[in-house]
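In what follows, a single structure is set out as structure tokens and then discussed.
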Amino acid sequence: MLGGTTEASRLAKALAEAGADAVFSYAGRTNSPVTQPLPMRVGGFGGTDGLADYLRAEAITHVVDATHPFAAQMSSNAVHACARACVALAAFERAPWQADKADSWTHVPDIAAAVDALPDAGARVFLAIGKQNLDGFAAKPANHYLLRLVDEPAAALSLPNNTVVIARGPFDAASDEALMRHHAITHIVSKNAGGAGAAAKLIAARALGLPVVMVDRPAVPPRNILRRLDDVLAWLGHA
Ligand code: 3Y8
Ligand code: NAP
């Protein structure tokens, strides 16, 4: 399993209970990832070649890509490595969020377009997109940015006016609404992650009548996508 999401944790629990012979893989993006009830490995494989070699060396028969929809490089590598190593692949991925009629979303294709969609100055922006995509917002330094990160940033951030909140999801709407009121937020930037773990800020934005800049998912090569846990277990023969 390629992990790092709520779906991955749910599947790991089901596989452990079924006594499946499985290994859970993290990228090592955070300092202390949640422990899983399966043997874990942490860190990259070394690109598509590294992953193909790993699959062969470990005699892996099935790969479930349960990574986040924005982990496009990992998902692309999995498609190519599984084809090369003749290993079965399925993605376990949640559907994208859809705007409610009460929402005011602006859809943008990527982070650069999200920066363009913001005011040039004076906005108070909740950037709940993690730390890997922050640099682009330095193009609009005259806004104030509220950043929610999993770990304390190691290096100084490139945004002059920022407030950092250290928190690991899943989050709840009441807390996110209180957080946004406390920081007088005027705009939210969100990735279209889907799922429940990051939806709290969207429910809070709706309650506060705030605009959301919604970053659409990056393209990933076509693969077999399963939406339900039972379908994944059936696909693995553990139904
Ligand atoms: C390392 C594992 C579980 C999985 C929980 C989900 C829910 C909580 C919501 C906000 C949005 C964000 C971010 C977020 C959420 C879940 C899920 C999810 C968003 C952990 C985890 C790892 C990561 C990596 C981390 C990224 C960052 C993204 C924070 C563990 C906690 C913003 C995505 O500081 C960093 O470098 C963080 C990096 C990739 C996006 C980015 O580009 O910065 N996730 N998140 C995984 C690995 O090493 O392989 O530490 O325990 C997992 C979870 N994060 O088991 O219940 O399923 O989505 N993660 C986004 O959706 O926009 C927070 O603040 O509102
Ligand atoms: P990415 O950009 O698609 O991948 C970059 C490289 O990180 C990959 O090529 C691979 O390195 C390594 N990698 C990624 N996921 C891995 C995994 N599960 N196991 C082993 N190596 C992995 O990935 P990302 O967006 O940084 O996401 C990293 C992790 O955070 C994933 O587990 C993902 O599920 C989780 N996550 C990401 C987001 C997000 O917003 N991107 C949100 C929530 C959780 P090699 O090429 O060396 O193999």
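Values reported hereafter were calculated over all heavy atoms of this structure, with side chains retained and with hydrogens, waters and symmetry mates removed. All ligand and atom numbering here is 1-based and tracks the order in the structure.
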Worksheet item: Would one find an N or O of Met74, backbone or side chain, under 3.5 Å from an N or O of ligand 2?
Response: yes
Worksheet item: Side chains of Arg41 and Ser25: donor-acceptor distance under 3.5 Å anywhere?
Response: yes
Worksheet entry | Element-labelled atoms of ligand 2 that are located less than 4.0 Å from some non-hydrogen atom of Asn77 | 9 (O), 46 (O)
Discussion item. Below the 3.5 angstrom mark, is there an N/O of Arg29, backbone or side chain, next to an N/O of ligand 2?
Written reply: yes
Ligand 1 polar-atom proximity to protein (N/O, under 3.5 Å):
{"unit_1": "ligand 1", "atom_1": "36 (O)", "unit_2": "Lys131", "atom_2": "NZ", "d": "3.4"}
{"unit_1": "ligand 1", "atom_1": "42 (O)", "unit_2": "Gln132", "atom_2": "NE2", "d": "2.8"}
{"unit_1": "ligand 1", "atom_1": "42 (O)", "unit_2": "Asn133", "atom_2": "OD1", "d": "3.3"}
{"unit_1": "ligand 1", "atom_1": "42 (O)", "unit_2": "Lys191", "atom_2": "NZ", "d": "3.1"}
{"unit_1": "ligand 1", "atom_1": "43 (O)", "unit_2": "Lys131", "atom_2": "N", "d": "2.8"}
{"unit_1": "ligand 1", "atom_1": "43 (O)", "unit_2": "Gln132", "atom_2": "N", "d": "3.1"}
{"unit_1": "ligand 1", "atom_1": "48 (O)", "unit_2": "Ala27", "atom_2": "N", "d": "3.3"}
{"unit_1": "ligand 1", "atom_1": "48 (O)", "unit_2": "Gly28", "atom_2": "N", "d": "2.9"}
{"unit_1": "ligand 1", "atom_1": "48 (O)", "unit_2": "Arg29", "atom_2": "N", "d": "2.8"}
{"unit_1": "ligand 1", "atom_1": "49 (O)", "unit_2": "Ala27", "atom_2": "N", "d": "2.6"}
{"unit_1": "ligand 1", "atom_1": "50 (O)", "unit_2": "Thr30", "atom_2": "OG1", "d": "2.7"}
{"unit_1": "ligand 1", "atom_1": "50 (O)", "unit_2": "Arg168", "atom_2": "NH1", "d": "2.5"}
{"unit_1": "ligand 1", "atom_1": "51 (O)", "unit_2": "Val34", "atom_2": "N", "d": "2.8"}
{"unit_1": "ligand 1", "atom_1": "51 (O)", "unit_2": "Arg168", "atom_2": "NH1", "d": "2.6"}
{"unit_1": "ligand 1", "atom_1": "55 (O)", "unit_2": "Ser9", "atom_2": "OG", "d": "2.5"}
{"unit_1": "ligand 1", "atom_1": "57 (O)", "unit_2": "Thr6", "atom_2": "N", "d": "2.7"}
{"unit_1": "ligand 1", "atom_1": "57 (O)", "unit_2": "Thr6", "atom_2": "OG1", "d": "2.9"}
{"unit_1": "ligand 1", "atom_1": "57 (O)", "unit_2": "Arg94", "atom_2": "NH1", "d": "3.0"}
{"unit_1": "ligand 1", "atom_1": "58 (O)", "unit_2": "Arg94", "atom_2": "NH1", "d": "3.4"}
{"unit_1": "ligand 1", "atom_1": "58 (O)", "unit_2": "Arg94", "atom_2": "NH2", "d": "2.8"}
{"unit_1": "ligand 1", "atom_1": "61 (O)", "unit_2": "His68", "atom_2": "NE2", "d": "3.0"}
{"unit_1": "ligand 1", "atom_1": "64 (O)", "unit_2": "Arg148", "atom_2": "NE", "d": "2.8"}
{"unit_1": "ligand 1", "atom_1": "65 (O)", "unit_2": "Arg148", "atom_2": "NH2", "d": "2.8"}
{"unit_1": "ligand 1", "atom_1": "65 (O)", "unit_2": "Lys201", "atom_2": "NZ", "d": "3.0"}

Worksheet item: Is there any ring-ring contact (aromatic ring centres under 6.0 Å, His included) pair reaching into residues 81-118, and which pairs are they, with sequence neighbours excluded?
Response: Trp105-His107
Item to complete: Compute the shortest N/O to N/O distance between Gln73 and ligand 2 and return yes if it is under 3.5 Å, no if not.
Response: yes
Worksheet entry | Protein contact for atom 34 (O) of ligand 2 (heavy atom, distance under 4.0 Å) | yes
Fill in: His68 N/O under 3.5 Å from ligand 2 N/O
yes
Item to complete: Answer yes when Lys191 and Asp110 have at least one side-chain N-carboxylate O distance shorter than 4.0 Å, and no when they do not.
Response: no
Worksheet item: What part of Ala72, side chain from CB on, backbone N/CA/C/O, both or neither, has a heavy atom under 4.0 Å from ligand 2?
Response: backbone
Worksheet item: Do Asp151 and Arg29 meet the salt-bridge criterion of a basic N to acidic O distance under 4.0 Å?
Response: no
Item to complete: Might you work through the side chain to side chain contact (heavy atoms under 4.5 Å, CB included) test for Leu11 and Leu233, ending with a clear yes or no?
Response: CA-CA 8 Å; Leu11 178 58; Leu233 296 176; 3.9 Å; yes
Worksheet item: Taking N or O atoms only and a 3.5 Å limit, does Gly47 qualify as a polar contact for ligand 2?
Response: yes
